[in-house]
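Below is one structure, written out as structure tokens, with a few remarks after it.
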Protein chains: 2
Amino acid sequence: MNQALICPRFEKAMSLMSQRWTGLVIYQLLTGPKRFCTLESSIGISGRVLSERLKDLEHQGIVKRAVYPETPVRIEYSLTEKGEALEPVMREIEKWSQTWLPNEMK
Amino acid sequence: MNQALICPRFEKAMSLMSQRWTGLVIYQLLTGPKRFCTLESSIGISGRVLSERLKDLEHQGIVKRAVYPETPVRIEYSLTEKGEALEPVMREIEKWSQTWLPNEMK
DNA sequence: TATAATTACTTACATAAAGTAACTAAGTGA
DNA sequence: TCACTTAGTTACTTTATGTAAGTAATTATA
């Protein structure tokens, strides 16, 4: 009795976005390429999970990894076209949060 | 060294949306009020977690619960105005998924 | 020359979140 | 009285995430 079955593509997108931290990682990358340690400290995610998420996002073609053999080595993560295409989603979440969530009080 | 700190309201919205199942529950409620068992079977969520999520969403003013003392009792969950306001977010996720995710093959 | 520093991770272990399946309560109906 | 239905809850298991220490490569410092 599966009355209203959900589009599998939507379901997949949602399961992606509903992984803890994934949204914030993408959001941070919307402002340009970022290094591992920068993402780690700005988001407050643990290195263990960040590493896992970045690998996953890379496999899904949402994030790309670039190695610059400087000293010390610099590795930058950025969004692919597929990743950049998530910007409207982020903008709508931003709009909603500004309309419906209270401003933090001091 | 917190270089690019994220807006706390956005962060809160994102932590909401990135809870497992929450997005799908809201998505299902966009098409009208639903009962517990309907959500349970259409989403594939366990009763234990669905109960938890609905309580949480109710506390946040996103979902409302209505009791109809029929036989057997009917309880319907629906979106508040705040919940309905998440529709554009869902539409953008839907659009993205249709553009960027492959159609399931048989 | 040995020690320390930096970045980008990985590993082992602890805690929190989610899944599973059985159970409860209230109200019929057979 | 026993069974059926809905809307949960409870106890227990599995999975996901957090924490903190460790690794490898390269250079800087004492």
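Note that this is a predicted model, so its numbers are computed, not measured. Naming: A, B, ... by sequence-line order, numbering from 1 per chain.
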Taking the side chain as C-beta and beyond, is there a heavy-atom pair between B:Ile6 and A:Leu24 under 4.5 Å? yes
Listed nucleotide nearest any side-chain atom of A:Ser51, set D:dT6, C:dT10, C:dT7: C:dT10
I want to verify a distance call: between C:dA12, D:dT9, D:dA11, whose nearest atom is closest to the B:Arg48 side chain? D:dA11
Send over the distance from A:Ile75 CD1 to C:dT6 C1', rounded to a whole Å. 13 Å
Let's see if you can work this out: which of D:dG8, C:dG19, D:dT19 has an atom nearest to the side-chain heavy atoms of A:Ser46? D:dT19
Report the distance from atom CG of B:Leu39 to atom P of D:dG8, rounded to the nearest whole Å. 11 Å
Counting N and O atoms only, with roles assigned by atom type, does the side chain of A:Thr22 sit under 3.5 Å from a partner on the main chain of A:Met17, one being a donor and the other an acceptor? no
Of all heavy-atom pairs linking B:Ile75 and B:Arg65, the shortest is CD1-NH2, 3.4 Å
Has A:Lys12 got more than 12 heavy atoms of other residues, nucleotides or ligands less than 6.0 Å from its NZ? no
Roughly, in whole Å, what's the span from CZ in A:Phe36 to C1' in C:dT6? 14 Å
Using whole Å, report how far CG of A:Leu54 lies from C1' of C:dA8. 11 Å
Is a side-chain donor-acceptor pair under 3.5 Å present for A:Gln28 with A:Ser42? yes
B:Glu58 CD - D:dG8 C1' separation (whole Å): 14 Å
If you check the A:Tyr77 side chain, which of C:dG19, C:dC9, D:dG8 turns out closest? C:dC9
Does C:dT6 have its OP1 or OP2 closer than 4.0 Å to a side-chain nitrogen or oxygen of A:Arg74? no
Measure all distances between protein nitrogen or oxygen atoms and nitrogen or oxygen atoms of nucleotides 22-26 of chain C, and list the pairs falling under 3.5 Å.
none

Mind calculating the distance between CD (B:Gln19) and P (D:dA16) to the nearest angstrom? 16 Å
Considering only heavy atoms and no angle criterion, is a donor-acceptor pair shorter than 3.5 Å present between the side chain of B:Arg20 and the base of C:dA18? no
Which nucleotide in the list D:dT17, C:dG19, D:dT9 gets nearest to the side chain of B:Lys55? D:dT9
Shortest side-chain distance from A:Arg53, nucleotide among D:dG8, D:dT17, C:dC9: D:dT17
So, B:Tyr27 versus B:Glu94: side-chain donor-acceptor pair below 3.5 Å or not? yes
Please tell me if the side chains of A:Phe10 and A:Met14 come closer than 4.5 Å, counting only heavy atoms from C-beta onward. yes
Gap between atoms CG and P, on B:Leu50 and D:dT9 respectively (whole Å): 10 Å
Roughly, in whole Å, what's the span from CZ in A:Arg65 to P in C:dA8? 9 Å
